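Quick notes on the structure that follows.
Only this structure's heavy atoms are used, side chains among them; waters, hydrogens and symmetry mates stay out. Quantities reported herein were computed from a predicted structural model and do not represent experimental measurements.
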Amino acid sequence: MTNRVGGQNVSRETYERLECFAALVRKWTTKINLIAPATVDHIWSRHIDDSAMIYGLVDQSTKKWTDIGSGGGFPGVVVAILAKDDAPETQITLIESDQRKATFLRTAVRSLDLNAHVLAERIETAPRQGADIVSARALASLYGMMPLLHRHLSGTGSALLHKGRNYQQEIAQARENWSFDLEEFPSFTDPDARLLKIKGISERD
């Protein structure tokens with residue numbers, strides 16, 4: 001039996017892990033601010049489906065995936081759950097400077113037996129990752145994220161970013177100081193939002 005998550009089919013085992021993760025998020029959100037309280041009852045549509053969408057944009061040759069500003073595990077832990085059976089060799093690094101959230105992420109990784117590890121450090125000073133994929137969700141403006149993406153991507157790597165209705169303005173602002181190749185994909189959860197795939201990042205002279 002398969003289930004649909006983020007526009008793609010997943011196995012029963014993967015779906016059950018996602019359900020376990022959702023339960024962990026609900027439990028911990030009563031103690032620390034992992035997700036907005038108003039979205040707890042809509043955790044699948046607002047957070048899990050939204051996070052899972054980016055996994056469908058990569059091929060299985062991805063070996064090193066880094067999620068920056070991982071927070072409550074969206075999209076990083078969701079990606080790690082999807083990859084567990086589909087691409088078990090993919091190594092996922094979750095960078096989160098908030099120590100309480102990092103503790104939550106480690107608990108989720110351990111409980112779900114995921115091929116992921118947590119760096120409780122600031123993104124701008126964490127060791128350079130040389131990642132095939134860098135993902136982020138609700139972290140900062142695209143302009144503010146460009147130095148972070150440039151720091152942690154390999155030369156041939158791609159960034160996968162969730163962006164809201166102001167994405168066009170963010171792209172225009174980022175292009176003032178940075179050159180990059182861009183692909184846009186529609187969001188299954190918000191008609192005004194986009195998934196951005198960015199590569200070939202370089203700072204303008």
Side-chain angles (χ1 to χ4, degrees), residues 21 24-25 28-29 31-36 47 50-51 54-55 57-58 62-81 83 89-112 114-164 166-167 169-171 173-182 195-205:
F21 177 56
L24 273 175
V25 173
W28 280 65
T29 294
K31 305 172 185 176
I32 62 177
N33 187 31
L34 294 177
I35 59 175
H47 299 289
D50 195 52
S51 296
I54 65 170
Y55 189 74
L57 299 181
V58 303
T62 298
K63 301 301 183 189
K64 191 166 186 179
W65 187 312
T66 298
D67 187 59
I68 58 176
S70 297
F74 304 105
V77 173
V78 173
V79 165
I81 292 171
E89 72 285 354
T90 301
Q91 298 179 339
I92 297 165
T93 300
L94 312 173
I95 302 181
E96 173 55 55
S97 62
D98 185 299
Q99 295 294 326
R100 295 181 304 165
K101 291 178 180 178
T103 297
F104 164 75
L105 293 170
R106 291 191 181 104
T107 299
V109 167
R110 183 175 61 252
S111 299
L112 299 167
L114 304 177
N115 185 17
H117 73 281
V118 180
L119 285 180
E121 300 185 37
R122 294 182 62 81
I123 306 165
E124 58 267 37
T125 56
R128 295 177 186 272
Q129 296 298 301
D132 300 315
I133 297 291
V134 170
S135 59
R137 179 174 180 262
L139 178 61
S141 72
L142 184 57
Y143 179 84
M145 290 175 62
M146 294 308 290
L148 307 177
L149 302 176
H150 188 250
R151 176 180 180 83
H152 292 296
L153 278 171
S154 71
T156 58
S158 300
L160 295 174
L161 313 171
H162 295 77
K163 283 296 171 185
N166 295 322
Y167 72 96
Q169 293 175 326
E170 292 193 33
I171 292 168
Q173 184 185 27
R175 287 200 186 278
E176 293 176 4
N177 292 92
W178 296 87
S179 297
F180 50 88
D181 299 322
L182 171 69
L195 302 178
L196 304 183
K197 188 173 186 177
I198 295 174
K199 62 191 308 183
I201 298 172
S202 63
E203 194 167 7
R204 292 187 184 276
D205 294 333

Heavy-atom neighbours of Tyr143 OH exceed 12 at 6.0 Å: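 No, the 6.0 Å shell around OH holds no more than 12 heavy atoms from other groups.
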To the nearest 0.5 Å, what is the distance between [atom1] ([X]) and [atom2] ([Y])?
| X | Y | atom1 | atom2 | answer |
| --- | --- | --- | --- | --- |
| Ser158 | Ile201 | OG | CD1 | 8.5 Å |
| Trp65 | Asn115 | CH2 | CG | 13.0 Å |
| Thr29 | Ile35 | OG1 | CD1 | 4.5 Å |
| Ile54 | Ile133 | CD1 | CD1 | 8.5 Å |
| Arg137 | Ser70 | CZ | OG | 12.0 Å |

When you compare the side chain of [Y] with that of [X], does any pair of heavy atoms fall below 4.5 Å?
| X | Y | value |
| --- | --- | --- |
| Leu196 | Ile171 | yes |
| Leu112 | Ile81 | yes |
| Val25 | Val77 | no |
| Phe74 | His162 | no |
| Asp67 | Pro75 | yes |
| Leu142 | Ile198 | yes |
| Lys31 | Arg100 | no |
| His117 | Thr93 | yes |

Stepwise side chain to side chain contact (heavy atoms under 4.5 Å, CB included) check, Ile92 with Leu114: CA-CA 9 Å; Ile92 297 165; Leu114 304 177; over 6 Å; no
Step-by-step side chain to side chain contact (heavy atoms under 4.5 Å, CB included) determination, Ile95 to His152: CA-CA 11 Å; Ile95 302 181; His152 292 296; 4.2 Å; yes
Salt bridge (charged side-chain N to carboxylate O under 4.0 Å, His left out) partners of Lys163, counting only residues at least two apart: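 For Lys163 the salt bridge (charged side-chain N to carboxylate O under 4.0 Å, His left out) partners, ignoring immediate neighbours, are Glu170.
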Taking the side chain from [X] and the backbone from [Y], do they hold a donor-acceptor pair closer than 3.5 Å?
| X | Y | value |
| --- | --- | --- |
| Gln91 | Lys64 | no |
| Arg175 | Phe180 | yes |
| Ser97 | Ala120 | no |

Heavy-atom closest pair, residues [X] and [Y]:
| X | Y | result |
| --- | --- | --- |
| Gly69 | Ile123 | N-CD1, 3.6 Å |
| Lys101 | Asn33 | CE-O, 3.4 Å |
| Leu105 | Gly72 | CD2-C, 4.1 Å |
| Ala108 | Leu24 | CA-CD1, 3.9 Å |
| Ala174 | Met146 | CB-CG, 4.1 Å |
| Ala159 | Leu153 | N-CD1, 4.0 Å |

Worked verdict on Val58 versus Val79 for side chain to side chain contact (heavy atoms under 4.5 Å, CB included): CA-CA 11 Å; Val58 303; Val79 165; over 6 Å; no
Pairs where residues 120-133 contributes a residue and the test side-chain hydrogen bond (donor to acceptor under 3.5 Å, both in side chains) is met, not counting sequence neighbours: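 Sorted pair list: Arg122-Glu124.
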Set of ring-ring contact (aromatic ring centres under 6.0 Å, His included) partners for Phe104, sequence neighbours left out: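 Partners of Phe104 by the ring-ring contact (aromatic ring centres under 6.0 Å, His included) criterion, ordered by chain and then number, come out as Trp28.
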Parallel, tilted or perpendicular: rings of His150 and Trp178 (30°, 60°):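 Ring orientation, 0 to 90° scale: tilted.
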